[in-house]
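Written below as structure tokens is the structure these notes are about.
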Amino acid sequence: QVQLVESGGGLVQPGGSLRLSCVASGSIFRLNPMGWYRQAPGKERELVAVMHSVGSATYADSVKGRFIISRDNANNVVYLQMNSLKPEDTAVFYCYAYSSSWSSSYWGKGTLVTVSS
């Protein structure tokens, strides 16, 4: 099947930046779209950003203008560049991918982003 491995999370100060990476491996054919979700303690998982292989992207209103999603389609890597981070961005960020070959959705195990002084 498909495995997704995130990296890049950590502790940053408000106003700082962080870049998350997600590497897909396994049966990675027709893996589209890919994106990022996040979940704060006590809250439901929410969409942050998603991108299709052709380059179109959508963002949550709360991150528009601050976050940028990008993909390296040849190497099956998706990135999330996060700028001007706020304390309310603190959450576990999950990589997401859909495989039309397997008709299945896949999730990484998450990487924690903490925005605090």
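The structure displayed is predicted, hence computed values, not measured ones.
For the pair Leu80 and Ala49, the tightest heavy-atom approach, listed with the atom from each and the gap, is CD1-CB, 4.2 Å. Shortest non-hydrogen contact noted between Leu31 and Ala24 is CD2-CB, 3.5 Å. Considering every non-hydrogen atom in both Leu4 and Met34, the closest pair reads CD2-CE, 4.3 Å. Minimum heavy-atom separation, Ser17 to Ser84: OG-N, 4.3 Å. In plain terms, the two heavy atoms of Ala57 and Ile69 that are nearest each other are CB-CG2, 3.7 Å.
In this structure, Glu46 CD and Gln39 CD are separated by 9.5 Å, a value rounded to the nearest 0.5 Å. To the nearest 0.5 Å, the span separating CZ on Arg30 from OG on Ser101 amounts to 4.5 Å. The structure places CD1 of Ile68 at 11.5 Å from CZ of Arg19, a figure rounded to the nearest 0.5 Å. One distance of note links CE of Met51 with OG1 of Thr58; it measures 9.0 Å at 0.5 Å rounding. We find the OG-CG distance between Ser116 and Leu85 to be 12.0 Å, quoted to the nearest 0.5 Å. Taking CD of Gln81 as the reference point, atom CG of Leu20 lies at 9.0 Å (rounded to 0.5 Å).
Identified under the ring-ring contact (aromatic ring centres under 6.0 Å, His included) test for residues 82-101, with sequence neighbours left out: Tyr37-Tyr96, Tyr96-Trp107. Sequence neighbours left out, not one pair with a member in residues 49-79 passes ring-ring contact (aromatic ring centres under 6.0 Å, His included).
Residues Val23 and Val113 do not share a hydrophobic cluster, clusters being chains of Ile/Leu/Val/Met/Phe/Trp/Tyr side chains in contact below 4.5 Å. Val50 and Tyr106 are not part of a single hydrophobic cluster, where members link through side-chain heavy atoms under 4.5 Å apart. Cluster annotation: Val92 and Val12 are assigned to distinct hydrophobic clusters (Ile/Leu/Val/Met/Phe/Trp/Tyr, side-chain heavy-atom contacts under 4.5 Å, transitive).
With hydrogens and angles ignored, the 3.5 Å screen pairs no side-chain donor or acceptor of Ser117 with any backbone N or O of Gln13. The backbone N or O of Lys109 lies less than 3.5 Å from a partner atom in the side chain of Glu6, making a donor-acceptor pair.
The local environment of CD in Glu88 is crowded, with over 12 non-hydrogen atoms from other residues, nucleotides or ligands closer than 6.0 Å.
Inter-residue side-chain proximity for Met82 and Asp89 is flagged as unmet; no heavy-atom pair is nearer than 4.5 Å. Two residues are said to be in side-chain contact when any heavy atoms from C-beta on lie closer than 4.5 Å; Ser100 and Asn32 fail this criterion.
Between Asp61 and Lys64 a salt bridge is recorded (basic side-chain N to carboxylate O distance below 4.0 Å).
Paired with Val78 under the rule side-chain contact (heavy atoms from CB on, under 4.5 Å), one option of Cys22, Ser70, Pro33, Ser21 passes, and it is Cys22.
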